[in-house]
Asks: 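One structure is given below, represented as C-alpha cells, and several questions about it will come after.
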Amino acid sequence: HQYHLEMYDEQGNETDVAILGLPAESDWVLQGPYSDKSLIRNELSYRWSNEMGRYAPRTRLIELFLNANGSTVTMDDYVGVYVLMEKIKIGPNRVDIAKLDASDDAEPEITGGYIIKKDKFDSDDVWFTTNRGQTLIYQDPNGHDLTQAQRDWIRNYMNSFEAVLYGSSFANQDIGYAKYIDVGSFVDSHILVELTKNVDGFRLSTYMHKDRNGKLVMGPAWDYNLS
C-alpha cells in the first residue's frame with residue numbers, strides 16, 4: 001500500500017513536522033516500492049535532480065512498521081522497506097513559488113503560482129485541455145480552489161505557449177517558446193528521463209510549475225519507480 005500522511009497537533013490543527021532531518025512540513029508520502037525490486041529508483045532519481053539544481057522531493061529510506069491496534073510494536077507489524085518522501089506542493093520548503101489568493105484576479109498577481117501536471121485522473125481532479133489536445137490537471141492550488149479567472153489564465157498561457165511552439169518563429173528567443181518556458185529545466189528533465197529510461201516520462205506523473213511573473217518550469221521530478 002501507498003500512504004499519504006498529514007500531521008496534526010493535539011487540537012486537530014495541521015502542523016509542520018521535521019522528519020528524519022527533512023525540512024518541516026505537514027504533508028508527506030510513504031511510497032512502497034513493490035514494483036521496483038531495487039527499492040531505490042525514486043530515491044536515486046530525486047537525489048540526482050536535486051544535485052542538478054532542480055528541486056525534487058527529498059527522501060529517506062526507512063523500514064516501516066504499521067501498528068493498527070495500538071498494542072506494542074512487534075515484528076508482526078513489519079511491512080517492509082518504504083521511501084519517506086516530500087509531497088509535491090507549494091511552500092517555502094517544497095516548490096517555492098508565490099501563493100494565489102482568491103482576490104488575485106489581475107496581472108501581475110494572477111500570473112502565479114501554479115503547479116499543473118499531466119497524469120492519470122483521480123475522481124476529484126479538475127483539468128483542462130489545451131488547443132492541441134494536452135490534458136493537464138490543476139494540481140496546486142487544485143481546480144476547486146482556483147477562481148474561474150485563474151483557471152482561464154493558466155490555460156490561456158499554455159495555449160499561447162503551444163501556439164508559438166508550433167509556429168514558424170518557434171526558435172526566436174524573443175517571441176518563440178523561450179518566451180514562455182525555462183528552457184534549462186526542460187533540458188534537465190529530458191536528461192533525467194532518458195538517463196533513467198523512465199517509461200512514464202513526458203506522459204504521466206509529469207509536473208510543471210509557474211511562479212508569479214515567471215516562466216513555466218518543468219518539474220519537480222516524480223514517480224520514477226518504473227524507470
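Given the structure is predicted, the values throughout are model-derived calculations rather than measurements. Residues: numbered from 1 along the sequence shown.
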Asks: Check whether D125 reaches the backbone of I137 with its side chain - one donor and one acceptor, N or O, closer than 3.5 Å.
Replies: no
Asks: Main chain of T111, side chain of K210: is a donor-acceptor contact present, judged purely on distance under 3.5 Å?
Replies: yes
Asks: Would you check if Q139 and I116 make a side-chain contact, meaning some heavy-atom pair closer than 4.5 Å?
Replies: no
Asks: Could you tell me how the ring of F202 sits relative to the ring of H190: parallel (under 30°), tilted (30 to 60°) or perpendicular (over 60°)?
Replies: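 Plane angle under 30°, so parallel.
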Asks: Given the rule that I, L, V, M, F, W and Y join up when any side-chain heavy atoms are under 4.5 Å apart, are I40 and Y46 in one cluster?
Replies: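 Yes, I40 and Y46 fall within the same hydrophobic cluster.
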Asks: Can you tell me if Q148 has over 12 outside heavy atoms packed within less than 6.0 Å of its CD?
Replies: yes
Asks: Under 3.5 Å, is there a donor-acceptor pair between the side chain of D16 and the main chain of A24?
Replies: no
Asks: If you take all heavy atoms of T74 and F65, which pair is closest and at what distance?
Replies: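 Minimum heavy-atom contact is O-CD2, 3.6 Å.
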Asks: Checking H209 against Y55 for the side-chain contact (heavy atoms from CB on, under 4.5 Å) test, could you report, in this order, the C-alpha distance in whole Å, the side-chain angles of both residues, the deciding distance, and whether it holds?
Replies: CA-CA 12 Å; H209 60 277; Y55 168 76; over 6 Å; no
Asks: So does R58 get a backbone contact from the side chain of E86, meaning a donor-acceptor N/O pair under 3.5 Å?
Replies: yes
Asks: Judged by atom type as modelled, is there a donor-acceptor pair below 3.5 Å linking the side chain of Y114 to the main-chain atoms of L216?
Replies: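 It does not hold such a pair.
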Asks: Looking only at heavy atoms, what is the nearest atom pair of L100 and G113, with distance?
Replies: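 Looking at all heavy atoms of both residues, the closest pair is CD1-O, 3.5 Å.
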Asks: Does M208 share a hydrophobic cluster with Y166, counting links as ILVMFWY side-chain heavy atoms below 4.5 Å and allowing steps through other members?
Replies: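 Both belong to a single hydrophobic cluster.
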Asks: Can you find a pair of side-chain heavy atoms, one from F128 and one from R151, that are under 4.5 Å apart?
Replies: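 In short, these two side chains do not touch, never coming nearer than 4.5 Å.
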Asks: If you count every heavy atom of other residues, nucleotides or ligands that lies below 6.0 Å from F170 atom CZ, does the total exceed 12?
Replies: no
Asks: Hey, quick one: are W28 and V83 part of the same hydrophobic cluster, counting side-chain heavy atoms closer than 4.5 Å, chains of contacts allowed?
Replies: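 Different clusters: W28 never reaches V83 through Ile, Leu, Val, Met, Phe, Trp or Tyr contacts under 4.5 Å.
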Asks: Among D182, I181, T206, which residue meets the side chain to side chain contact (heavy atoms under 4.5 Å, CB included) test with M218?
Replies: T206
Asks: Identify the two heavy atoms, one from I90 and one from P141, that lie closest to each other, and give their separation to 0.1 Å.
Replies: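 Closest pair (atom of I90, atom of P141, distance): CD1-CD, 4.1 Å.
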Asks: Search all heavy atoms of P108 against all heavy atoms of N213 and return the closest pair with its distance.
Replies: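 Between these two residues, the closest heavy atoms are CB-OD1, 3.4 Å.
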Asks: For Y138 together with H144, are the ring centres under 6.0 Å from each other?
Replies: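 So the answer is no for these two rings.
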Asks: Is any side-chain heavy atom of I88 closer than 4.5 Å to a side-chain heavy atom of P57?
Replies: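 Yes, close enough: below the 4.5 Å cut-off.
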Asks: Keeping the roles fixed (side chain from D104, backbone from D101), state whether a donor-acceptor pair exists under 3.5 Å.
Replies: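 The answer is yes, because a donor-acceptor pair under 3.5 Å joins these two groups.
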Asks: Can you check whether T59 reaches N42 side chain to side chain, under 4.5 Å on heavy atoms?
Replies: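 Answer no - side chains too far apart.
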Asks: May I ask you to decide if N13's main-chain N or O and D9's side chain share a donor-acceptor pair within less than 3.5 Å?
Replies: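 Yes.
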Asks: With hydrophobic residues grouped by side-chain heavy-atom distances under 4.5 Å, do V95 and V217 end up in a single group?
Replies: no
Asks: Using a 4.5 Å cut-off on heavy atoms from C-beta on, say whether the side chain of Y3 contacts that of L66.
Replies: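 They are in side-chain contact.
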Asks: Within the 4.5 Å heavy-atom criterion, are D77 and V79 side-chain neighbours or not?
Replies: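 They are not in side-chain contact.
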Asks: Decide whether M7 and L64 are clustered together by the hydrophobic rule: side chain heavy atoms of Ile, Leu, Val, Met, Phe, Trp, Tyr closer than 4.5 Å, transitively.
Replies: yes
Asks: Find out whether the Lys NZ or Arg CZ of R54 is both under 6.0 angstrom from the six-membered ring centre of W222 and within 45° of the ring's axis.
Replies: no
Asks: Could you check whether any side-chain heavy atom of S103 comes within less than 4.5 Å of a side-chain heavy atom of E109, counting everything from C-beta outward?
Replies: no
Asks: Is the backbone of N156 close enough, under 3.5 Å, to the side chain of S160 for a donor and an acceptor to pair up by distance?
Replies: yes
Asks: At what distance, to the nearest 0.5 angstrom, does CG of L5 lie from CD of E25?
Replies: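 Separation between the atoms: 12.5 Å.
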Asks: How close do R60 and L20 get, heavy atom to heavy atom, and via which atoms?
Replies: NE-O, 2.9 Å
Asks: Would you mind reporting whether M158 and R155 have side-chain heavy atoms less than 4.5 Å apart?
Replies: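 When only atoms from C-beta onward are counted, M158 and R155 do not touch, as no gap falls below 4.5 Å.
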Asks: Got a salt bridge between R94 and D27, using NZ or NE/NH1/NH2 to carboxylate O under 4.0 Å?
Replies: no
Asks: Run L30 and I62 through side-chain contact (heavy atoms from CB on, under 4.5 Å) and show every step you take.
Replies: CA-CA 9 Å; L30 286 170; I62 65 170; 3.5 Å; yes
Asks: Does the pair E162 and N159 meet the rule for a side-chain contact (heavy atoms from CB on, under 4.5 Å), with working shown?
Replies: CA-CA 5 Å; E162 282 188 339; N159 283 332; 4.1 Å; yes
Asks: Looking at every heavy atom in both S45 and L192, which two are closest together, and how far apart are they?
Replies: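 Where S45 meets L192 most closely, the heavy atoms are O-CD2, 3.9 Å.
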Asks: Can you tell me how far the CH2 atom of W48 sits from the CD1 atom of I191, to the nearest 0.5 Å?
Replies: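 If I round to the nearest 0.5 Å, the distance is 13.0 Å.
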Asks: For the side chain of N172 and the backbone of I175, is there at least one donor-acceptor N/O pair under 3.5 Å apart?
Replies: yes
Asks: Can you check whether A56's main-chain N or O pairs, donor with acceptor, with R47's side chain at less than 3.5 Å?
Replies: no
